[in-house]
Structures are given as structure tokens and as C-alpha cells.
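Notes follow the structure.
If you're wondering where the values come from, they're calculated on a predicted model, not measured in any experiment. All values below come from the heavy atoms of this structure, side chains included, with hydrogens, waters and symmetry mates left out.
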Number of protein chains: 2
Amino acid sequence: MSTFLRTLDRMSATAGPAAPHRPTKLQLLELLAAIGTAQWRDFAAAAAHYGLTSTQARVLAELKGPVPMRGLATLLVCDASNVTGIVDRLEARGLVRREPSPVDRRVKNVVATDEGRDVIRRVREEMQATHGALDTLDEEEGATLYALLERLRPTMEKDA
Amino acid sequence: MSTFLRTLDRMSATAGPAAPHRPTKLQLLELLAAIGTAQWRDFAAAAAHYGLTSTQARVLAELKGPVPMRGLATLLVCDASNVTGIVDRLEARGLVRREPSPVDRRVKNVVATDEGRDVIRRVREEMQATHGALDTLDEEEGATLYALLERLRPTMEKDA
DNA sequence: CCAAGTACTTGATGAGATAAAACATCTGCG
DNA sequence: CGCAGATGTTTTATCTCATCAAGTACTTGG
């Protein structure tokens, strides 16, 4: 609680005249959206640096172990037929391999190759380097933000 | 986007069990990404409910006044030739209008029609309705969250 | 006035998304 | 057991969105 108050104090000291003190729900939604898209663009840029589309990078990042095509579709929240093409392109570049499931002959498991693992590792590193954004928050502010966002999360994920 | 999440998750794997009062940078990023993802999917779903793609809805949302094609391209961070098609489709549905700029005959300003404004208003309402999440914050907490997020935004937009 | 720059469009190309349908395989129930 | 229905994958068609290259129309500054 005292953390809250001090955070507010610091904010009113640094916020300047432009900061609205009573944001509407809509303003908050728009701000969240703006930050979300900024993050997404960062991810896409890091992926592009290694010749990947963001979707391809997304798939590659999922492949910690073998994942069936259908499983990828579920993870990506998209149609299974869509995954075929994405994995085709990754496979053509040698970043990924299809192998038949030992337990179900209908299923093809997708596995990252060594090169695939290497590429996604580099994308991750680049993301970390890019995000100095949060360094502008001190420890208390970070804790405050985290606590507030965490309360938002469960309600917003209902549609997943 | 959900992979993006998991990627960040994996990146912060060394942090161990969550220490809620001292979140790491990566934990914060993960949380922001989680909320951003959920919100983006909600936005897309609300837009789809009115027969709009998320990109089309995004354009409509930008049209608070007349905006030149080139300006839209800048806002969307994409090629100008891309905007032509998006606005074509919106115009074909009567949600948007091109009108010549009075000051520069090269320029076409895009304006939302009454119907366009109505549709985007409904999309926004649907999002707000979906996100009772924000109702769990009281006024002070909302203001705190807004101020913190606002400080994050400019830093994250640096890379355009 | 004219060269260079800017705004927009067109056309080619490619990724990603969905829907419908084909095909092989698995599963459960009579 | 055997078959009907469900499931996993791919193909094909169609759309949107993204880029690049080129072309047209207009503006601007030397």
C-alpha cells in the first residue's frame, strides 16, 4: 500500500501536465493495445533479421520437442491446413523436420533441426537485447505494474 | 503471439518460482505479452463479428478525422501501396470515403462515413464489454496503471 | 522552368488465413 | 470382428495483407 502511494507521488512529480489523472477504460485499452503492437513489431523485426516471418518464428519457438501438426494448429489458434504450408516452408529451409509418429500412423511430428534451434535461439537473444524499455522503471514501479497487470491477466485470457 | 509468450517464458526460466514483489524484466515482458495477445485476439474477434479484418478495424479506428493515404501507411507501419487495397475494401463497403485534399492535389484524404464510425464504435463497445477485466481496478489503480504504461510506450516504439 | 521529390496506384509475387473435400488411419460399439 | 464415425494431414480455391518495382500526377526549390 505504501508502495502504491509513493509510486503515485513519483508519478505526479514526473508526469507533467499532459498525463490524464482519470483514464477511461477505453484509454487504458488503447494504451495496452499500443504496447502490445510495439512488442509484436519487435518480435517480427528480430525474426525478419534471420529471414523468418513472425509466424515461422512462432512455430520454431514452440518446438521444444516433437509436436504433431494438429498440436501446432491448436497452439497457433488456426486451421490445421494452414500449418501444412508454414511447416513446408520451414522444412524447405532445413529448420524443421517431419517425422512419423511411432504410435499413430496418421500423425506427423514436427521437430526442430539443429539449425532451427540455433536460429530461434538467436532470435530470442535479439529480443532480450532490444527490450531495454523496462529499464526505465525502478524496482518499486516494476512491482506495482506487475501486480496490476497480474490482476488483469486471468480475466482477459478466458477466450484462449 | 502466444508463442512469443512462451518464448519469453522460457527466457526467464532461470528466475525460478515467481517472486511476485520483485518481478524480473522478463516476467514483466511475459505478462505484457500475455495481455497484449489476449487483447489482440479479442479485437480481431470483435472486428470479425462485424465482417472486418483486424487490419480494416485498425484503419477505421485511426480515422478520427481526414487522414491522407500516406499518413495511414505511416500509422500502420507498412508500404503505401498496401493501404490502397485496404481502403479500397473499406470504401467498397461504404465505411470510408476518399476525398481530394484541398491543399495538395496529389493527396487523397480518407474519412470514415457515418456507417464506418458506427461500426468501429460498436467494435470498441464489444471490446469493452468483453473486458470486464478492467472493472476490477478502482480509480486510483487505473490511473497508476495508465501512467506506468504510458512511460513504457515511447521507449518501446523506438525501433519503428 | 525544369529537375527532383512526393503521393498515390497498379501489377507481380508470396505468406498466411479459412473453407471444403479427399484420403488414410484410428476407435468404439453392436 | 467389422464397420461407422471421428481424427490427422494434405490439397485446392479464395481472400487479405505485405513487399517491391514501375508509372502517373502533382509540388517544390534552385
Side-chain angles (χ1 to χ4, degrees), chain A residues 37 40-41 43-45 47-62 66-93 95-111, chain B residues 1-4 37 40-41 43-45 47-63 66-93 95-111 160:
Chain A
T37 61
W40 178 250
R41 279 208 297 267
F43 181 63
H49 194 274
Y50 293 93
L52 297 173
T53 66
S54 32
T55 303
Q56 287 165 357
R58 237 174 110 183
V59 167
L60 216 38
E62 294 291 351
V67 182
M69 299 293 286
R70 178 69 248 198
L72 279 178
T74 302
L75 288 169
L76 301 182
V77 194
C78 74
D79 195 89
S81 67
N82 193 9
V83 178
T84 299
I86 299 167
V87 170
D88 280 351
R89 287 180 281 272
L90 284 171
E91 196 169 30
R93 289 186 44 191
L95 302 177
V96 130
R97 202 173 48 237
R98 280 172 167 100
E99 43 189 45
S101 162
V103 298
D104 186 335
R105 281 184 299 171
R106 292 171 302 178
V107 172
K108 291 175 189 171
N109 285 314
V110 185
V111 194
Chain B
M1 265 245 221
S2 67
T3 296
F4 173 46
T37 302
W40 179 253
R41 278 213 286 268
F43 182 63
H49 194 275
Y50 294 93
L52 297 173
T53 66
S54 29
T55 303
Q56 288 166 358
R58 218 182 135 200
V59 167
L60 264 188
E62 299 287 357
L63 295 180
V67 182
M69 300 292 287
R70 178 69 246 194
L72 279 177
T74 302
L75 286 170
L76 300 181
V77 194
C78 75
D79 194 89
S81 66
N82 193 11
V83 178
T84 299
I86 298 167
V87 170
D88 279 352
R89 285 179 283 272
L90 284 170
E91 196 170 30
R93 289 188 43 192
L95 303 178
V96 130
R97 203 174 47 237
R98 281 171 168 99
E99 43 189 44
S101 162
V103 299
D104 186 336
R105 281 187 297 172
R106 292 170 302 179
V107 172
K108 292 175 188 171
N109 285 315
V110 185
V111 194

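Annotation: the span from A/Arg58 atom CZ to A/Leu52 atom CG amounts to 13.5 Å, rounded to 0.5 Å. To the nearest 0.5 Å, atom CG of residue A/Leu72 and atom CD of residue A/Glu62 are 7.0 Å apart.
In this entry the distance linking CG of A/Asp88 with C1' of C/dG14 reads 14 Å, nearest Å. At whole-Å resolution of the value, CG in A/Asn82 and P in C/dA19 are 11 Å apart. Taking atom CG on A/Leu60 and atom C1' on C/dG16, their separation rounds to 17 Å, with Å as the unit. Rounded to an integer number of Å, the gap from B/Asp79 CG to C/dT10 C1' is 12 Å. If you measure from atom CE of A/Met69 to atom P of C/dA17, you get 13 Å, rounded to the nearest angstrom. Whole-Å rounding puts the A/Leu72 CG to C/dA17 C1' distance at 16 Å. For the pair A/Leu76 CG and C/dG16 P, the interatomic distance rounds to 10 Å; values are reported in whole Å.
Between A/Asp88 and A/Arg98, at least one side-chain nitrogen of the basic residue sits less than 4.0 Å from a carboxylate oxygen of the acidic one, meeting the salt-bridge criterion. The pair B/Glu91-B/Arg97 fails the salt-bridge criterion, with no side-chain N (NZ, NE, NH1 or NH2) lying under 4.0 Å from an Asp/Glu carboxylate O. Look at B/Arg70 and B/Asp104 and you find no salt bridge, because none of the NZ, NE, NH1 or NH2 atoms lies under 4.0 Å from a carboxylate O.
Heavy-atom nearest nucleotides on DNA chain C were determined for B/Pro68 and for A/Arg89, and the one closer to the 5' end corresponds to B/Pro68.
Scanning atom types as modelled, one donor and one acceptor separated by under 3.5 angstrom connect the side chain of A/Ser81 and the base of C/dA19.
Residue contacts for A/Asp104: at a heavy-atom cut-off of 4.0 Å it reaches the sugar-phosphate backbone alone, with no base atom in range. Note on B/Thr84: a base of the nucleic acid sits closer than 4.0 angstrom, heavy atoms only. No engagement by B/Arg58 is indicated, since no non-hydrogen atom pair under 4.0 Å with the nucleic acid exists.
Partners of B/Ser54 by side chain to side chain contact (heavy atoms under 4.5 Å, CB included), not counting sequence neighbours, listed by chain and number: B/Trp40, B/Phe43, B/Ala44.
The nearest pair of heavy atoms linking B/Ile86 to B/Gln56 is CG2-CG, 4.3 Å.
First and last contacting nucleotides of DNA chain D toward chain B (any atom under 4.0 angstrom from a heavy atom, 5' to 3' order): D/dT16 to D/dT27.
At the phosphate of C/dC26, neither OP1 nor OP2 sits under 4.0 Å from any side-chain N or O atom of A/Arg70. Taking side-chain N and O atoms only, A/Thr53 has a distance below 4.0 Å to OP1 or OP2 of C/dG16.
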